[in-house]
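Worth saying up front: this structure is predicted, and the values here are computed from it rather than measured.
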There are 2 protein chains.
Amino acid sequence: MERVSIKTIAEQLGISVTAVSLVLNGKERGETSGRVGKEMAEKIRQAAREMNYEPNNLARGLKMGRSETIGLVIADISNLFFANLAFHIQEHAEKFGYGVIITNTNESDLKMEKMTKILERRQVDGFIIVPTEYGEPYVRNLTRRNIPVVLIDRYYPKLNVSAVVIDNYKASREITNNLVESGCRHIGLIIYKSALHHMKERKNGYVDELKDHGLFNPSLIKEVSYSYLSEDIDIAIESLLMKDETIDGIFFATNTLSLMGLKRMLHADPQALSKIKVASFDKSDAFDFMHVTIPYIQQPIPEMGKSAVELLMKQIKTDDKEAVTIKLQAQLEYNKV
Amino acid sequence: MERVSIKTIAEQLGISVTAVSLVLNGKERGETSGRVGKEMAEKIRQAAREMNYEPNNLARGLKMGRSETIGLVIADISNLFFANLAFHIQEHAEKFGYGVIITNTNESDLKMEKMTKILERRQVDGFIIVPTEYGEPYVRNLTRRNIPVVLIDRYYPKLNVSAVVIDNYKASREITNNLVESGCRHIGLIIYKSALHHMKERKNGYVDELKDHGLFNPSLIKEVSYSYLSEDIDIAIESLLMKDETIDGIFFATNTLSLMGLKRMLHADPQALSKIKVASFDKSDAFDFMHVTIPYIQQPIPEMGKSAVELLMKQIKTDDKEAVTIKLQAQLEYNKV
DNA sequence: CTGAAAGCGCTTACAG
DNA sequence: CTGAAAGCGCTTACAG
């Protein structure tokens, strides 16, 4: 059971590898390149089938200078939001005959540098990256060398790179407004302490919306750090619940934050949700089990994945390296009570 | 900004590519192959650094016949269990300098065939596969050609292939017994209708344990189909809750089933959990928000990923293709109430 | 200690 | 209509 290559087939049939390659790539009728007779073409195809020929994509990639592989750099594949994103990126890449190598950064810029380097060695044709805090230089390093890159979910505003994001500021205002409309007057925010632009936008949306209503109170903003998440959330919830009896709403800036925050809230006070209305960015499975309405921002994950792949493909297939930022619409939705 | 190859460096330094390759691979002191002088070696390393040389893994893979890539074939990356598994497989593969290409089958055997083929063309050195129902021929097709394969989470009992699984039968008995011990007498089972061995084991564990207690009632087993999941679960819950007033326990055979089943249960009757005790395979985030104790089987996901990678590496690096089945211990755990 | 050369499996410009 | 040959970027047996 030897490895069967194009050469094996050629020898078997007593013809040239050229003919075999041409036919198997459907180029036997090409203009510039040679043509192969109809019956010979059929013979080749049959032989390939019989011998279970499978092309070697490594060799093809080496010759063509294209690996037909996308490097996906995300924060953490075990986070449901990113897992969903990865799923859709993959499904869509497949339609272009592209494979996806997934790597995790765990929100570390050092790992981001490492992962982009590893993927580059593997000759990926382009990158889809969920950029981390302080990871800007590594993205710039890629684009400077004209390597196709599309950022997703987040982006660096000062960097001229294609990106697929949602309007975080607008979504944040919208959901904050929703809390206000439903009667909340003292709305806390639990958000990551981060230099990332989308976090700032979420914060600004909340701040501006509350200011417009004359309800802004900076002491109700609790910033937690990714590295000490569990501890910080405990403290944040504690301080919002205990120290401020008037609190009647909490906006969680991500699904992880809402999941952990809700646990802590309900642990501290099982009746907390009857006094405090909760809203969140992204959905969590747990929402469907709360007995109160929870508005959340539903990001259009399938479209985000699709757009990112398409933007990247355009960069790969053409020389059009112009940076395009696609802002998709997020929806305000509610859990089923 | 031209692509810098080993040749570029060689020309720059006026030496042979042999020397450059040897040094950059740390083989300048090799026994059989040539040796390179110390100062020349240093010069080469420095040039590589200065020129930002990155090796081309495609070329290396083609020459070596190894791509240092693992093909991961799972059912669905957006399922939390598999996402976690993928995460740990990746983290561990990285330690061996291996990358992971992830593909989804969505539980379809046809996609399994397609994905293994695609990954083979990409010259992956081995496969880690969560096998689907009726996917046996495609796994056999790989092993027959001596391609390294490790099955994970599930396996085909008749196929002699390495696998990393847990003792589903035992875990199922254990958790069923737990329900019995806590007083349940009429325990329903909601499980996938599937020919997959691990599902049968979960079912058998439940059946045998109940028989031992004289509590077995076949009409309490509800098998749902993957393709009509939502509808089937509705029907199953309906029939367990409505038609059988005596039911006092339900064992869900996977986390997806328990998540959807719980939603349906609580929708039908918000007080359902005070009358019916629930147990599950695998944890769901929602459990922490239930106000009752839910025992669940915690699979050792990090160890599963680690073992699978190690088994595969052994197959790849040695000629030892002997099939090894690793059965890991699952833990019975509880949500925090 | 060092280099010329073959070859991994492909694609394709070039020459018949 | 068809084939011989070069070359993608590596590694390594072989010969000096």
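In this model, the phosphate group of dT2(D) is not approached by any side-chain N or O of Thr18(A) to a distance below 4.0 Å at OP1 or OP2. A sub-4.0 Å separation between OP1 or OP2 of dT11(C) and a side-chain N or O of Arg60(A) is present. For Ser21(B), a side-chain nitrogen or oxygen approaches OP1 or OP2 of dT11(D) to under 4.0 Å. Within the structure, every side-chain polar atom (N or O) of Asn57(B) is placed at least 4.0 Å from both OP1 and OP2 of dC10(D).
With rounding to the nearest 0.5 angstrom, the CD atom of Glu107(A) is 10.5 Å from the CD1 atom of Ile74(A).
Contact annotation: the side chain of Tyr98(B) never approaches that of Val309(B) to less than 4.5 Å [non-hydrogen atoms, C-beta and beyond]. Using a 4.5 Å heavy-atom threshold, the side chains of Glu310(A) and Ile326(A) count as separate. With contacts defined as side-chain heavy-atom distances shorter than 4.5 Å, the pair Val130(B)/Arg154(B) qualifies.
For the pair Ile6(B) CD1 and dC8(C) P, the computed distance is 19 Å after rounding to whole Å. Regarding Asn56(A), its CG atom lies at a distance of 12 Å from the P atom of dC8(C), rounded to whole Å. A straight line from CE of Met64(A) to C1' of dC8(D) spans 11 Å, rounded to a whole angstrom. In this structure, Leu62(B) places its CG atom 12 Å from P of dT11(C), rounding to the nearest Å. In this structure, the CD1 atom of Ile15(A) is 17 Å from the P atom of dA5(D), given to the nearest Å. Look at CD1 on Ile9(A): it is 16 Å from P on dT2(D), rounded to the nearest Å. As rounded to whole Å, 15 Å separates atom P of dC10(D) from atom NZ of Lys63(A). As rounded to whole Å, 21 Å separates atom P of dG7(C) from atom CZ of Arg66(B).
Proximity of residues 39-48 of chain A to DNA chain D (heavy atom under 4.0 angstrom from any strand atom) is not detected for any residue.
One finds a salt bridge joining Lys114(A) and Glu94(B) here, because a Lys/Arg side-chain nitrogen approaches an Asp/Glu carboxylate oxygen to under 4.0 Å. With respect to the salt-bridge test (charged N to carboxylate O, under 4.0 angstrom), the residues Arg145(A) and Glu120(A) qualify. Under a 4.0 Å N-O distance rule, the pair Arg45(B)/Glu42(B) qualifies as a salt bridge.
There is no side-chain donor-acceptor pair under 3.5 Å between Asn57(B) and Glu68(B).
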Q | Per-nucleotide pairing state of DNA chain C [Watson-Crick or G-U, under 3.5 Å; [ ] pseudoknot-crossing; | other strand] | A | |||.||||||||.|||

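The side chain of Ser16(A) lies closest to dG3(D), out of dT11(C), dG3(C), dG3(D).
Comparing dG16(D) with dT12(D), their C1' atoms are spaced 16 Å from each other, to the whole Å.
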Quiz: residues 14-23 of chain A side-chain donor-acceptor pairs under 3.5 angstrom, not counting sequence neighbours:
{"from": "Ser16(A)", "atom 1": "OG", "to": "Thr18(A)", "atom 2": "N", "distance (Å)": "3.4"}
{"from": "Ser16(A)", "atom 1": "OG", "to": "Ala19(A)", "atom 2": "N", "distance (Å)": "3.2"}

